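Have a look at the structure below, then the notes.
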There are 2 protein chains.
Amino acid sequence: MTEQNSPRPSRRERPAKPALTRDGIIGTAVALMRAEGLQRVTMRRLAQELDTGPASLYVYVRNTAELHAAVLDDLLGAVDLTPVGASGDWRDRLVRVLTSYTNVLFEHPGLARSALVARPSGERYLDLLDALLALLGEGGVPGERAAWAVDLLLQFATSTAAEHAAGEKDPADAEGEWAALAAALRGASGERHPHVAALGTELLSGPGEARLDWGFQVLINGVLHTPRPGTPDTP
Amino acid sequence: MTEQNSPRPSRRERPAKPALTRDGIIGTAVALMRAEGLQRVTMRRLAQELDTGPASLYVYVRNTAELHAAVLDDLLGAVDLTPVGASGDWRDRLVRVLTSYTNVLFEHPGLARSALVARPSGERYLDLLDALLALLGEGGVPGERAAWAVDLLLQFATSTAAEHAAGEKDPADAEGEWAALAAALRGASGERHPHVAALGTELLSGPGEARLDWGFQVLINGVLHTPRPGTPDTP
DNA sequence: ACCTGAACACCGTTCAAGT
DNA sequence: ACCTGAACACCGTTCAAGT
């Protein structure tokens, strides 16, 4: 995989045609994404960038989903895992790692979307899994419960980031949609939807950051209080 | 919106060209999805079904995302909300509603995917929101906390369904990807990834149903134990 | 083995022109 | 106002043929 920010294609100076290898392809894909956004990282556009036809890429990459998964794994190198070895409350450190992961995905919500479907399984992803398991272990969460908990935590973080994929291309769409939901909630009839009407705008309240953090706290507290089925309920 | 299973386009017998109205379009889209899957519900294919050109649809539907959102709201009519008024433990009834919602989405994971990005705001969605708020209220969850909790619960259910979108077209892709993750976990080095290596296959264990149910329990327990920031911590 | 030109079978969306 | 033919600007993927 490409190292973060080291697009050195060879020791010669900028050849017109970068080497056609899996790593070269993925490195170019990452650069293309940073330059033009994920929506431009298509087989055709990428092939054009590499001065070849799209068919050539299929020698190294099974399909577009796999390409995006590889790009994501590369991006995961930017997640800050230093809180694992730091001192302080394990919960705080766990939330810090998860927040870093979410922030990385926030930069490319489309990638979060695809991560939900094509789970990554690269080296950086394993690094992240191991970090989360280490912190849950520190917190005394039994191993078999932690195994399920990491999934839950990452799914929440990933889907939160994916939700922002709407405004990626056209921010107006996202705003219009938010306005539609707000209008629907405000216009809720007290008869058919009494609870929605009673809460009203409360349902949309609060900055995203606070909701994300609250979500992490809910999950951690929940994991601490919920044994896995068929398992002794030692915390 | 279309009533479930009543594609009566007019009182005449099956005209070749159904009326071109928003409801007619969405009804046809739902039928097309049931017949050929969401991936065929495109503006072009839908226009063809309606014996017209794609441009005509843009009079009634802003874009593809809005079309899919409308289809989803129609589908939401199949969610079983009867547990709200039933007797028994509120937690069980809450989980039953959420499970029904998840099962509806499981039938069309692609729709779950799009729901994550383009949040629905139709009548059936409000019905669902109101049902969940009613049950949380019964459980004594304070209103402003319940307002955030429904989001969390629906996000978890929706993203769980969305994860299955991989195998929708080509099940081989989904299997290959699962195998890749399994291989990566099994091959985890005890040095770089000790916790992953120690848990090994445990990370993938258990039937999806059990994990879904455990997830709901974690969220409910977590919500019960986690006050919203800046709020008195009365349960 | 690796690479590719060309083709197949599609997309979403816009716009000028019609009724 | 509503509707549409035609066009613009793209897609993913495969395959037969070349090197």
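Quantities reported herein were computed from a predicted structural model and do not represent experimental measurements. Chain letters run A, B, ... following the sequence lines, proteins first and then strands; every chain starts at 1.
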Report summary line: Rounded to whole Å, the CD1-P distance (B/I25 to D/dC2) equals 12 Å
Query - Under the salt bridge (Lys or Arg N to Asp or Glu O under 4.0 Å) test, residues paired with B/D151 that sit two or more places apart - result: A/R211, B/R119
Report summary line: Base-pair string, DNA chain D, Watson-Crick plus G-U, cut-off 3.5 Å on both distances, | for inter-strand, is ||.|||||...|||||.||
Report task. To the nearest Å, give me how far apart CG (B/L67) and P (C/dG12) are. Result -> 9 Å
Each nucleotide N or O in nucleotides 13-16 of chain D that has a protein N or O under 3.5 Å away: list the pair and distance.
from: D/dT13; atom 1: OP2; to: A/Y58; atom 2: OH; distance (Å): 2.9
from: D/dT13; atom 1: OP2; to: A/T64; atom 2: N; distance (Å): 3.2
from: D/dT13; atom 1: OP2; to: A/T64; atom 2: OG1; distance (Å): 3.2
from: D/dT13; atom 1: O5'; to: A/Y58; atom 2: OH; distance (Å): 3.3

Query raised in the report: Quick one: side-chain hydrogen bond (donor to acceptor under 3.5 Å, both in side chains) partners of A/S121, sequence neighbours excluded?
Result: none
Query raised in the report: When you compare C/dC11 with D/dC8, how far apart are their C1' atoms, in angstrom units rounded to a whole number?
Result: 12 Å
Report task. Say whether B/D23 and B/T21, considering side chains only, have a donor N or O and an acceptor N or O under 3.5 Å apart. Result -> no
Report task. Look at the side chain of A/Y60 and the backbone N and O of A/L20, then say whether any donor-acceptor pair between them is shorter than 3.5 Å. Result -> yes
**Report entry** Proximity to the side chain of B/R40 - top-ranked nucleotide from C/dT4, C/dC10, D/dG12
**Finding:** C/dC10
Report task. Not counting sequence neighbours, list each pair that qualifies as a ring-ring contact (aromatic ring centres under 6.0 Å, His included) and has a residue in residues 186-205 of chain A. Result -> none
Report task. Rounded to the nearest angstrom, tell me the gap between atom NE2 in B/H68 and atom C1' in C/dC11. Result -> 12 Å
Requested in this report: Write down the distance between CG (B/L46) and C1' (C/dC10), rounded to a whole number of angstrom.
Outcome: 16 Å
Requested in this report: Go through the side-chain N and O atoms of B/E49 and B/T28 and say whether any donor and acceptor fall under 3.5 Å apart.
Outcome: no
**Report entry** Atom-pair distance (CZ on B/R45; P on C/dG12), nearest Å
**Finding:** 12 Å
Query raised in the report: Is A/T42 touching bases, backbone alone, or none of the nucleic acid, heavy atoms closer than 4.0 Å?
Result: sugar-phosphate
**Report entry** Interatomic distance where CG belongs to B/L20 and C1' belongs to D/dC2 [whole Å]
**Finding:** 9 Å
Query raised in the report: In whole Å, what is the span from the CG atom of A/L50 to the C1' atom of C/dC2?
Result: 15 Å
Requested in this report: Could you tell me whether the side chain of A/S100 and the main chain of A/R96 form a donor-acceptor pair under 3.5 Å?
Outcome: no
Query - Atom-pair distance (CD on B/Q39; P on C/dA9), nearest Å - result: 18 Å
Query - A/T99 side chain to A/V95 backbone, donor-acceptor under 3.5 Å - result: yes
Query raised in the report: What pairs with A/E66 under side-chain hydrogen bond (donor to acceptor under 3.5 Å, both in side chains), at least two apart in sequence or on another chain?
Result: A/R22
